[in-house]
Amino acid sequence: MHNNNMLRIGIDLGGTKIELAALDAHGRAVLRRREPTPQGDYAATIEAIGRLVEGAENELGATGSVGIGIPGAEAMPGGKIMNANSTWLIDQPLRQDVQTRLRRTVRLANDANCFALSEAVDGAGQGAEVVFGVILGTGVGAGIVVRQHVLSGINRIAGEWGHNPLPLLHDENLSPLPCYCGRLGCVETWLSGPGMAADHWRHGGEKLRAEEICARAAAGDAAADESLWRYERRLAKALAQVVNILDPDVIVLGGGLSNVERFYDTVPRLWLEHIFSPVVLTRLCRNVHGDSSGVRGAAWLWNEG
Ligand SMILES: [Zn+2]
């Protein structure tokens, strides 16, 4: 299916580091590099990407396609960056400037879309027609992949379910928390790591980080177990909305909270109550590629031929 000589270079442009992976035609990473992201300096960021790509190509003695994953999206029309937490990228024509620097066409996508693509091509969603990838970390991001291609959407926000309001469970009487996006009670405010921590504290628990709550729950702590239970019910209800709209074959979880083993058992049982079908074939899976998903997915943005 793929051109055997094809070299695909993926760049994961994060807030603290820029990662590069070069994949051969079989998806094997033949080279990896990383360097710190120049803080607050847009021109230096473009130059760092250019240098990383050229360095990789010199080492490998081949030219590749280039895909970039960013924590943000291209605003349409015009393609200037929006919604980026690396604020020096905002309102910059990033893809165009990298193209000028590297003298070739470059593809760019949101990092959650890259995660979903990586898992759809050769990860937990391999072979599935529709994959919904979710990152449950310091924030909540998600992406949709259909037949191994990212569904971007006309506004470039397809999959931004993290900023839908979470429908509260019928027995919950909590006031929604403000989200950094300016809205109230977004899915992210409940299902991110800080969201889990805030909920534990609001229910009379200690001030703990999400991973500490998960560890205590696994060790039999009743309050932590209750917090995880509330989290699971919310996650199930939030994902049920995705299933009712998109009806994906597979939902893949990534980010720190994807390591909680019990979610893969509890959540698919809990979502049955909210999904408009007596039988639910959608699978909930843990990611295969872990932290490499972003950079691998960026490389797979060139995914034809
Ligand atoms: Zn929000």
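Just so you know, ligand 1 is whichever comes first in the structure, and atom 1 is the first atom listed for that ligand. Owing to the predicted nature of the structure, the values given are computational and were not obtained by experimental measurement.
Applying the salt bridge (charged side-chain N to carboxylate O under 4.0 Å, His left out) test to residues at least two apart or on different chains, the pairs with a partner in residues 157-173 are D171-R233, E172-R234. Identified under the salt bridge (charged side-chain N to carboxylate O under 4.0 Å, His left out) test for residues 237-253, with sequence neighbours left out: none. Applying the salt bridge (charged side-chain N to carboxylate O under 4.0 Å, His left out) test to every pair with at least one member in residues 121-133, sequence neighbours left out, gives these pairs: D122-R296, E129-R147.
Among protein atoms, those of element N, O or S found less than 2.8 Å away from the Zn ion (ligand 1) are H163 ND1, C179 SG, C181 SG, C186 SG.
Ring planes of H163 and Y180: perpendicular class, angle over 60° (limits at 30 and 60°).
We find that D265 and R269 are joined by a salt bridge, their nearest charged nitrogen and carboxylate oxygen being less than 4.0 Å apart.
Using a 3.5 Å distance cut-off with no hydrogens or angles, the side chains of S293 and N287 do not pair a donor with an acceptor.
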